[in-house]
2 protein chains.
Amino acid sequence: MSTSSINQAGTDTENLSAPCCAPSATQNALNPEEAELLASRFKALSDPSRLRILSIVASNKNAETCVCDLPEPLGLKQPTVSHHLKILVDAGLLHREKRGVWAYYSIVPRALESLQSTLVFTP
Amino acid sequence: MSTSSINQAGTDTENLSAPCCAPSATQNALNPEEAELLASRFKALSDPSRLRILSIVASNKNAETCVCDLPEPLGLKQPTVSHHLKILVDAGLLHREKRGVWAYYSIVPRALESLQSTLVFTP
DNA sequence: GACAGATATCGACGTTTGTCAATCTCTGGT
DNA sequence: ACCAGAGATTGACAAACGTCGATATCTGTC
């Protein structure tokens with residue numbers, strides 16, 4: 001109810017007179033706006049390099065990761081890493097803090113959990 | 001350990017002598033192969049139309065959804081819907097069953113839950 | 001205030017993606 | 001055997017994406 005979620009078990013399965021199936025409850029489904037928003041968040045996770053960035057940053061428990069440490073393990077050039085970091089920040093998954101010349105990125109608490117909950121089935 | 005997961009809280013945060021930060025535990029991070037696999041699954045969820053398809057199919061509790069019911073609510077042509085359905089089946093999210101001339105799609109049990117678990121933080 | 005270094009932005013390029021019209025394949029009925 | 005209709009496949013095309021070299025911006029130091 002609160003946040004949009006893929007699944008909210010419908011209530012119509014009785015009609016068997018239609019040629020192929022009951023017309024299905026489309027009003028319970030995600031509307032285009034909700035779908036667009038959700039998709040944009042999953043899109044941030046749909047690239048291998050970004051997932052690896054997240055896993056590196058997340059493995060630095062309670063700390064941040066300096067941008068300068070990322071290009072080498074990822075095998076990417078600095079502008080590309082910067083590009084991916086921006087996408088992750090825009091998706092609300094990473095937090096950016098600049099201190100001096102260095103930029104530190106950290107996981108936004110509960111951001112992944114929140115995204116996770118949009119995949120929840122009603123058990 | 002079992003399935004690859006974004007997060008597995010590292011164990012090094014003591015070194016503060018480096019110019020910007022500790023070199024970060026890259027060996028705990030997702031390797032390229034794991035990242036590629038995970039990304040391909042999230043890619044299936046990164047399109048609004050596919051999310052709406054999933055939500056429509058999922059809202060038909062215990063039943064299946066006929067392909068013929070999808071183009072209209074989605075505002076897409078039949079080949080496009082077929083294309084998205086194939087991607088969702090290939091990602092292991094939907095099950096396809098052909099009966100007569102009609103094709104019925106249903107949610108693969110625990111598929112979304114399994115994907116969900118790859119986003120889990122160690123609490 | 002000029003300089004060096006870290007990171008962000010820009011522009012370009014090849015690849016991938018979403019969409020559709022046209023076509024193919026298969027199934028059930030006549 | 002033929003036909004009609006459902007759905008998958010193909011080919012084309014524009015838009016979006018990932019990557020990088022070049023450049024711009026900002027910060028601390030001399």
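Chain A is the first sequence line, chain B the second, and so forth, proteins listed ahead of strands; every chain is numbered from 1.
The side chain of B:Y105 places an N or O atom within less than 4.0 Å of a non-bridging phosphate oxygen (OP1 or OP2) of D:dA8. One finds a side-chain N or O of A:R50 lying less than 4.0 angstrom from the OP1 or OP2 phosphate oxygen of D:dG18. At D:dG7, none of the side-chain N or O atoms of B:R96 fall inside 4.0 Å of OP1 or OP2 (strictly under the cut-off).
B:Y104 does not carry B:R96 over the face of its six-membered ring by the limits of under 6.0 Å from the centre and within 45° of the normal.
If you measure from atom CD of A:E36 to atom P of C:dG18, you get 12 Å, rounded to the nearest angstrom. Rounded to a whole Å, the CG atom of B:D90 is 13 Å from the C1' atom of D:dA8. Rounded to whole Å, the distance from NZ on B:K86 to P on C:dT17 is 13 Å. Here the C1' atom of nucleotide C:dT19 and the CG atom of B:L85 are 15 Å apart, to the nearest Å. Rounded to whole Å, atom P of C:dA8 lies 10 Å from atom CG of A:L70. Between A:W102 atom CH2 and D:dT27 atom P there is a gap of 14 Å when expressed in whole angstrom units. One interatomic measurement links the two molecules: CZ of B:R99 to P of D:dG7, which rounds to 12 Å at whole-angstrom precision. Rounded to whole Å, atom C1' of D:dA8 lies 14 Å from atom CD1 of B:I87.
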Are any protein N/O atoms closer than 3.5 Å to N/O atoms in nucleotides 19-21 of chain D? If there are, list each pair with its distance.
residue: D:dT19; atom: OP2; partner: A:H84; partner atom: NE2; Å: 2.4
residue: D:dC20; atom: OP2; partner: A:K77; partner atom: N; Å: 3.1
residue: D:dC20; atom: OP2; partner: A:T80; partner atom: OG1; Å: 3.0

Please list, for nucleotides 13-16 of chain C, all pairs of protein and nucleotide N/O atoms separated by less than 3.5 Å.
none

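Contact detail for B:K43 and A:S46: the closest heavy-atom pair is CE-O, 3.2 Å. The shortest non-hydrogen separation linking A:A39 to B:D47 is CB-C, 3.7 Å. Here the shortest heavy-atom pairing between A:S49 and A:L76 reads OG-CD1, 3.5 Å. Taking both residues in full, the closest heavy atoms of B:A29 and A:I56 are given as CB-CG1, 3.5 Å, listed atom of the first, atom of the second, then distance.
Counting heavy atoms from C-beta on, the side chains of B:L45 and A:L38 never come closer than 4.5 Å.
Side-chain N/O atoms of B:R41 and B:S114 include a donor and acceptor closer than 3.5 Å.
Residue-to-nucleotide proximity on DNA chain D shows that, of A:S46 and A:K98, the 5′-proximal contact is made by A:S46.
Both A:L112 and A:V89 are members of a single hydrophobic cluster when ILVMFWY side chains are connected at heavy-atom separations under 4.5 Å.
Between A:E64 and A:R99, at least one side-chain N (NZ, or NE/NH1/NH2) sits under 4.0 Å from a carboxylate O, which counts as a salt bridge.
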